[in-house]
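First the proteins, then the strands, lettered A, B, ... as listed; each starts at 1.
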Amino acid sequence: MAGQEDRPQDRLTRAFFARPVLDVAPELLGCHISHAGVTVRLTEVEAYDGSNDPGSHAFRGPTPRTRVMFGEPGGLYVYFTYGMHWCANLVCGSAGAASAVLMRAGEVVEGLELARTRRPRSSDRDLARGPARLAMALALGRDQNGMDTCATDSVFVVRAREPDRSSRSAVARVRTGPRGGVSGQGGEEGA
DNA sequence: ATACCGATTGGCT
DNA sequence: GCCAATCGGTATC
């Protein structure tokens, strides 16, 4: 099999992200994202379908804040909310689609001590449990908005291990739901 | 220029 | 379970 020979590990490429967000999101479960000395294994993600999704920041068209979402897939969209929290998304679909996957939760698999430093009052279990917590553990904030996870060594996502066919692995339990009502919060994909 | 509100979290009842 | 914290973005006047 002639595969790529020199992949850092199994880093997700732009082509991976450049597909419909509803296809990409489930595949992100179990993947590892690394930044600033900490690696997190994604256990819960949520897809936002750009201009088609009333719940998306991109629903009403591009703005200064959402410009990254309208950019290249593989980009990192980090936004500030509630006056104190940062949350991070991976941009998906073709450029201009403005779809993205919010990283809702994960487990720290590397850089535990560093992560503890960043979230001193948290139990190990909750270090990256929640979108703002995950961003904090990974030190993702204003300065990381717009970074290209496919092109820089600072931030990158590594493919999940081949799912175990025999036993139910983390990737097996995927809850998918199209967003029901405009006000509802459906559209979750988690493990 | 001003007003409303949010893709949340942590602490308290 | 409920609620305050805290401020940038977006819409509106």
Side-chain angles (χ1 to χ4, degrees), chain A residues 17 19-29 31 33 35-36 38 40-93 96-108 112 114-147 149 155 157 174-191:
Chain A
F17 291 107
R19 294 175 297 139
V21 65
L22 290 178
D23 292 340
V24 177
E27 295 179 31
L28 283 171
L29 293 172
C31 290
I33 178 170
H35 176 254
V38 170
V40 161
R41 173 179 166 275
L42 297 176
T43 57
E44 192 180 341
V45 298
E46 183 167 28
Y48 285 87
D49 199 5
S51 319
N52 304 312
D53 188 343
S56 170
H57 289 164
F59 185 56
R60 310 259 176 195
T63 68
R65 176 222 206 174
T66 60
R67 75 192 155 70
V68 173
M69 266 203 285
F70 286 84
E72 290 293 315
L76 199 60
Y77 168 53
V78 187
Y79 69 91
F80 184 64
T81 191
Y82 287 102
M84 59 191 100
H85 299 303
W86 296 91
C87 300
N89 299 249
L90 296 164
V91 177
C92 297
S99 56
V101 173
L102 172 67
M103 296 181 278
R104 291 201 73 88
E107 314 166 336
V108 175
L112 189 58
L114 243 185
R116 285 173 177 151
T117 295
R118 291 171 184 156
R119 306 204 61 240
R121 311 208 84 205
S122 168
S123 66
D124 284 357
R125 189 192 155 98
D126 286 349
L127 278 175
R129 198 162 220 240
R133 293 166 171 178
L134 181 147
M136 180 64 87
L138 284 171
L140 296 176
R142 175 190 265 126
D143 294 347
Q144 283 66 45
N145 185 39
M147 279 188 155
T149 69
V155 212
V157 188
V174 176
R175 197 181 87 193
T176 303
R179 237 169 246 284
V182 176
S183 51
Q185 169 85 283
E188 269 184 25
E189 330 221 0

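- Residue A/Met136 is classed as having no contact, given no heavy-atom separation below 4.0 Å to the nucleic acid.
- For A/Tyr82 against C/dA5, no side-chain N or O and base N or O form a donor-acceptor pair under 3.5 Å.
- Of the candidates C/dT10, C/dA11, B/dT8, the closest approach to any side-chain atom of A/Pro131 belongs to B/dT8.
- Stacking of A/Tyr48 onto the six-membered ring of B/dA7 is present: less than 5.5 angstrom between centres, less than 30° between planes.
- Nucleotide B/dT8 holds its P atom 15 Å from the CH2 atom of A/Trp86, rounded to whole Å.
- A straight line from NE2 of A/His85 to P of B/dT8 spans 9 Å, rounded to a whole angstrom.
- Ring planes of A/Tyr77 and A/His57: perpendicular class, angle over 60° (limits at 30 and 60°).
- Heavy-atom nearest nucleotides on DNA chain C were determined for A/Met84 and for A/Phe80, and the one closer to the 5' end corresponds to A/Met84.
- Distances shown here put a side-chain N or O of A/Thr63 below 4.0 Å from the OP1 or OP2 atom of C/dT10.
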Under 3.5 Å between N/O atoms: give me all the protein pairs with nucleotides 10-13 of chain B, atom names plus distance.
residue : atom : partner  : partner atom : Å
B/dG10  : OP1  : A/Arg119 : NH2          : 2.2
B/dG10  : OP2  : A/Arg133 : NE           : 2.6
B/dG10  : OP2  : A/Arg133 : NH2          : 2.5
B/dG11  : OP1  : A/Arg121 : NH1          : 2.8

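- In this entry the distance linking CZ of A/Arg118 with P of B/dT9 reads 17 Å, nearest Å.
- Rounded to an integer number of Å, the gap from CZ of A/Arg104 to P of B/dT9 is 7 Å.
- Using a 4.5 Å cut-off on side-chain heavy atoms (C-beta onward), A/Val45 and A/Leu29 make contact.
- With contacts defined as side-chain heavy-atom distances shorter than 4.5 Å, the pair A/Val101/A/Phe17 does not qualify.
- To the nearest angstrom, P of C/dG9 lies 13 Å from CE of A/Met69.
- Regarding A/Arg67, its CZ atom lies at a distance of 16 Å from the C1' atom of C/dT10, rounded to whole Å.
- A straight line from CZ of A/Arg142 to P of C/dG8 spans 7 Å, rounded to a whole angstrom.
- Across the protein-nucleic acid pair, A/His57 atom NE2 and B/dC5 atom P stand 15 Å apart, rounded to whole Å.
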**Request:** Map every base of DNA chain C to its dot-bracket character, where paired means a Watson-Crick or G-U wobble contact with both distances under 3.5 Å and | marks a partner outside the strand.
**Result:** |||||.||||||.

